[in-house]
Structure formats: structure tokens, C-alpha cells
There are 2 protein chains.
Amino acid sequence: MATDRVRVLRATVRVLVRQPNAPMDELAKAAGISRATLHRLVPSRNALVKQLAELALADARAAIERARPEQGEPVAAVRRLVAELVPIADLWAFLMGENQIAGDPEMDQLWAELDLALIGLFRRGQESGAFRVELPAEFLTDALSSLLAGTGWAVQHGRLAAKDANRVLTELLLNGAVRRNQS
Amino acid sequence: MATDRVRVLRATVRVLVRQPNAPMDELAKAAGISRATLHRLVPSRNALVKQLAELALADARAAIERARPEQGEPVAAVRRLVAELVPIADLWAFLMGENQIAGDPEMDQLWAELDLALIGLFRRGQESGAFRVELPAEFLTDALSSLLAGTGWAVQHGRLAAKDANRVLTELLLNGAVRRNQS
DNA sequence: ATCAAATGAGACAGCCACGTCTCAAACCGC
DNA sequence: GCGGTTTGAGACGTGGCTGTCTCATTTGAT
């Protein structure tokens, strides 16, 4: 039974998010294989990063599609969206890192499409009166991205219970930290 | 007039946040000097990173002290805090990166103290009834950190006007994206 | 203009990570 | 048990980066 390339790729993402220039040896270890085997699965470091980005983009795209951001009440749509993205927070963080540097034009395009889907949802919410227009949709999108990355990190470092991640992120994003008076 | 070491360090932070393993040549370029000159200012890459971290910690500490998180109404204190931290968002992001990997024990300690100051403020706010207790103080602290880093990035990439950064971050953190009914 | 200090350019050696490859050991299916 | 496949360990050559250094040029003060 040959080693599962996709499983190996997935096993590298946490290491890469924390240390983008982690040696191949370390990536291999994270996957429980040797460096030689890793090189048998992917021809080069560049190829590994590219393949992982493709995988992450596919997962992110699927998550967003499942959430159906263009459907229904915008606040509910954001809730669905966050619920779908939190489980892939690490992959999202990886994509953020890759696309903050200088990516492959084709993958930049795909990432831009995901970005637009999120911006679109926040815009739709603003137009419907559900979201505050004084907070730009692009900002809300970037904030969601940042919170996803930060939440993934917090869970990974034991600062946040995984089971709480979705709820607290959604609540902070939608309603903020301030306590409302209970009328 | 010798090249200002501190000015050079400050000039490297953006490059390092975006690419932690950026070559010394690139860091030197960011500061408008040659690699040789950079090596005259700091003995090694490690020394540069250490000195920048010390500088960043000092700035962050000063920002937090100016904000006086332990004084006054908690929501107002958070507003003061964000207003002081946003201008050093890049340095904060750099510190996050350094302390997410494996830092110097002494600097880890200093960073932990800053972390505690923020957690303390959110806790104080929860105890006073100003902040929601269902969002852990640690989470709120991590969220603020993430939003700072993300906002710094957005400004740097032209996705957010620098003059808006403080306001939108504060508003999102405190009151969220959802529009309140105007009664 | 002069001179000392600062700087940039570039050469060099060493280190680390990478990609490549070999071979023995381990694994797995029959 | 046998044989084919997979894997890990390790050696090797190469390139990029680092730190070190020299020397010519530039800079800045007098």
C-alpha cells in the first residue's frame, strides 16, 4: 500500500503555516515518513507547496460552496460560511501566507475568486441592511481571514477549545465583544 | 553621520513579516543600504532578529502603557489600546511570528507579560459587565492580535486606508459587523 | 581642497537545505 | 517462504545564503 500523497500534503500544512521555510526533513517527519519518501511523492519543494495550495484552494472553494453565501439571509449565510471554514482554518492560513507573498497567477486568480465570494456576501449584507456599511466589505473579509488564521493557531496551541472555535469566532465577528443590555 | 541602526531595523520589519526568511540582501535593500553595511550594523541575522524583537517589545510595551488598560471604563480602555497598537501593527505582527515559533526565554517572558495585560483588560471588562463572558478573554486577546496583523497587512496592500484602520478595527472588535437597529 | 570615516561592490569559504541516487531493510500480497 | 514493491538511511553535488574581508568610491566635516 503506497503512502497517500494527499494525506502527506495535509500533514505538512501546520508546519508550513508556522514556519514557511521549514526543511523538507521536518515536513516529512510531520507526515511520519522520511525525506526520501517525501521526494518520491513530490518532485520538489516548489511542487509540494504548489500541490498543497491547489488542495487548499479546492477545499476552500468546496467549503464556500457548501455554505452558499449567495443564498438566504446574510447573517445566517455568514454563520454557515464560518462553520465551513473553521475546520480548514490551517489550510486557509496557509493560503493567506502563499498569497501574501507572490503566487502562481492561476492560483492567485482562484484565491481572488474566493476573496470576491466573501466580499460579495458582506456587500449583500450591507445592501440588505444586515451589516454595517461603515465597515468596508473588504475589511470584513480580511478580518474574517485573520480571525480564521488566529483561531486555528489558538486551537493548535491549546489557547482555545476546538469545539468553541466556530461559535466564538462567529459571535465576535457578528456581534463583537461588547455585552448587550438584556432588555 | 553613521547610518541609524534603529532606523534600519525598523525598515526591515515589513519585509520580515511578509517573508521571515528574506535574505539579508533584501533586508538591506529595504533599508536603503548594502548588505555589507547591514552586517556592519548587526553582527548576524540572528542578532538582527533579536534586536528587532527587543525594539518591537519595547514599542509594544510603551504603547500598552500609554493606553493604561487598567484604568477607567473597559470599553474606553480597549479603544485607547487599539489606537496605540494600530500604528505599530507591523511590529506586533513580527512579534507574533517570532513568538509563535520558538523564542528567547527572556523575550518570551516579556511577550507573555504583554499578553497578560491584554487578557487582564478583557477580564476586567467581563467582570464589570462590559464584555461578553461567553467569549474567553484569551480568545479576545488573540483575536485582537490577529486583527492587528491583518489590518497592518491590509493597509500595506492598499486594501484599507490607513486613516480608517483604527476605527474599523475597534468597531468590529467591540460591536461586530451586524448593524444595530436604530431605536 | 583635504582627510578621515562610511559605504558599496564583490570575492571567498563555509553551512544548510535541496534534489538525486544507491542499497539494505522492511513491508505486503500471494 | 518468496518475490516484488516500498521505504529509510545516508552519501553526494549544487546553489543560495551567511559572515568575513578587501579595496575603491563616496560622503561629510573642517
(message) I'd like to know if A:Glu65 and A:Arg61 make a salt bridge, using a cut-off of under 4.0 Å between side-chain N and carboxylate O.
(response) yes

(message) Salt bridge check, A:Glu134 against B:Arg167: does any charged N sit closer than 4.0 Å to a carboxylate O?
(response) no

(request) Take the protein atom CG of B:Leu38 and the nucleotide atom P of C:dA9, then report the distance between them rounded to whole Å. (result) 14 Å

(message) How many whole angstroms separate atom CG of B:Leu41 from atom C1' of D:dG19?
(response) 15 Å

(request) Among C:dA17, C:dG19, D:dG8, find the nucleotide with the atom closest to the side chain of A:Ser44. (result) C:dG19

(request) Check whether A:Leu85 and A:Ile119 end up in the same hydrophobic cluster, where Ile, Leu, Val, Met, Phe, Trp and Tyr are linked by side-chain heavy atoms less than 4.5 Å apart. (result) no

(request) Measure the distance from NZ on B:Lys29 to C1' on C:dG8 and round it to the nearest whole Å. (result) 12 Å

(request) Would you mind telling me which of C:dG8, C:dT22, C:dG19 lies closest to the side-chain atoms of B:Thr37? (result) C:dG8

(request) Write down the distance between CZ (B:Arg7) and C1' (C:dT7), rounded to a whole number of angstrom. (result) 13 Å

(message) Within the 3.5 Å criterion, strictly below it, is a donor on A:Gln71 or A:Arg80 matched to an acceptor on the partner's side chain?
(response) no

(message) For B:Arg35 and A:Ser34, find the nucleotide of DNA chain D closest to each by heavy atoms; which residue's nucleotide sits nearer the 5' end?
(response) A:Ser34

(request) Could you state the atom-to-atom distance from CG of B:Asn46 to C1' of C:dC16 in whole Å? (result) 14 Å

(request) For B:Gln19 and D:dC17, give me the distance from atom CD to atom C1', rounded to whole Å. (result) 12 Å

(request) Please figure out whether B:Ala36 or B:Arg45 has its closest DNA chain D nucleotide nearer the 5' end. (result) B:Arg45

(request) Counting heavy atoms from C-beta on, name the nucleotide in D:dT18, C:dT20, C:dA9 closest to the side chain of A:His39. (result) C:dT20

(request) Select one nucleotide: of C:dC23, C:dG8, C:dC18, the one nearest the side-chain heavy atoms of B:Arg40. (result) C:dG8

(message) Rounding to an integer number of Å, can you tell me how far B:Asp25 CG sits from C:dG10 C1'?
(response) 12 Å

(request) Take atom CD1 of A:Ile33 and atom P of D:dA9, then tell me their distance rounded to the nearest Å. (result) 12 Å

(request) Could you tell me whether B:Glu54 and B:Lys50 make a salt bridge, using a distance below 4.0 angstrom between a side-chain N and a carboxylate O? (result) yes

